[in-house]
Amino acid sequence: MERTLAIIKPDAVAKRHTGKILEKIEAAGFRLAAMRLMSLSQRDAEGFYAVHRERPFFGSLTAFMSSGPCVVMVLEAPDAIRKWRALMGATDPAKAEAGTIRKEFAESIERNATHGSDAPETAAAEIGYFFAGMELV
Ligand code: ATP
Ligand code: MG
């Protein structure tokens, strides 16, 4: 079993796509190990996306991520990291394959509906950023 951090980003929550995205997650066979609705501060978002600090879109990305509530989750499945990224689709919805979450729900390369960890080390760090051990069920 593997765990990954997933976020339903503020664009998708505001558009009331949370239920539809959760349905796809469960239909794909993931088990929810943790879930919380929360509003990130700009600082929270900057800490989360610290690897992108030097990128030109960092200010805009962190403003977007702190613009409204998001749903933060831990998903569990065999090969969860790769499997969740495949279900999300490409970062840019214009390049995402049919049937993926970003193809269906993302507005733009920035406002792209969901987040997923990209490797075991980042998944562990991102899960620890949002959840204490006792919150993982
Ligand atoms: P995430 O880490 O959110 O799952 P990702 O791994 O597909 O997405 P990253 O390269 O890690 O993509 O970028 C992190 C986030 O930064 C993207 O999901 C998107 O919201 C935003 N982003 C990435 N590239 C751009 C860009 N060129 N312009 C604006 N925003 C961008
Ligand atoms: Mg990423």
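Both ligands and their constituent atoms are indexed starting at 1 by order of listing.
Protein heavy atom at the shortest distance from atom 11 (O) of ligand 1 is His52 NE2, 3.0 Å. Counting only heavy atoms of the protein, atom 20 (O) of ligand 1 lies nearest to Glu110 O, 2.8 Å. The protein atom (non-hydrogen) at minimum distance from atom 19 (C) of ligand 1 is Ile109 O, 3.1 Å. Looking at atom 7 (O) of ligand 1, its nearest protein heavy atom turns out to be Thr91 OG1, 2.5 Å. For atom 2 (O) of ligand 1, the closest heavy atom belonging to the protein is His115 ND1, 3.0 Å. Counting only heavy atoms of the protein, atom 8 (O) of ligand 1 lies nearest to Arg102 NH2, 3.3 Å.
Ligand 1 has no nitrogen or oxygen under 3.5 angstrom from a nitrogen or oxygen of Arg55. For ligand 1, the polar-atom distance check finds an N/O of Tyr49 within less than 3.5 Å of one of the ligand's N/O atoms. Distances between N or O atoms of Phe57 and those of ligand 1 include no value under 3.5 Å.
For the pair Leu75 and Ala80, the tightest heavy-atom approach, listed with the atom from each and the gap, is O-CB, 4.0 Å. The two residues Arg43 and Tyr129 come nearest to each other via the heavy atoms O-OH, 4.1 Å. The two residues Asn112 and Thr91 come nearest to each other via the heavy atoms ND2-O, 3.2 Å.
When non-hydrogen atoms are compared, ligand 1 lies under 4.0 Å from the side chain of Leu61 (C-beta onward) but not from its backbone.
In terms of modelled atom types and a separation under 3.5 Å, the side chain of Arg36 and the main chain of Val72 share no donor-acceptor contact.
Annotation: His17 is in aromatic contact with Phe105 [ring centroid separation under 6.0 Å].
Ligand 1 has no atom lying under 4.0 Å from any heavy atom of Met65. Ligand 1 lies nowhere less than 4.0 angstrom from a heavy atom belonging to Arg111. Remark: distances from the non-hydrogen atoms of Asp118 to ligand 1 are all 4.0 Å or more. Using a non-hydrogen distance threshold of 4.0 Å, Glu126 does not register as a contact of ligand 1.
Screening Lys24, Glu76, Lys83, Arg3 against Phe30 for a side-chain contact (heavy atoms from CB on, under 4.5 Å) leaves a single residue, Lys83.
Within ligand 1, counting atoms from 1 as listed, the ones closer than 4.0 Å to a heavy atom of Asn112 are 17 (C), 18 (O), 19 (C), 20 (O). Annotation for ligand 1: atoms under 4.0 Å from non-hydrogen atoms of Arg85 are 5 (P), 6 (O), 7 (O).
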Exercise. Take Ile81 and Asp118 through the test side chain to side chain contact (heavy atoms under 4.5 Å, CB included) and record every step on the way to the result.
Key: CA-CA 6 Å; Ile81 295 169; Asp118 59 12; 5.7 Å; no
Query raised in the report: For Glu107 and Lys15, what are the C-alpha separation, side-chain angles and deciding distance, and is it a salt bridge (charged side-chain N to carboxylate O under 4.0 Å, His left out)?
Result: CA-CA 11 Å; Glu107 291 172 27; Lys15 291 197 297 189; 3.3 Å; yes
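When side chains are defined from C-beta on, Glu104 does not count as touching Ile101, because their heavy atoms never get closer than 4.5 Å.
Counted by atom type alone, His115 and Glu126 present one or more donor-acceptor pairs between their side chains at under 3.5 Å.
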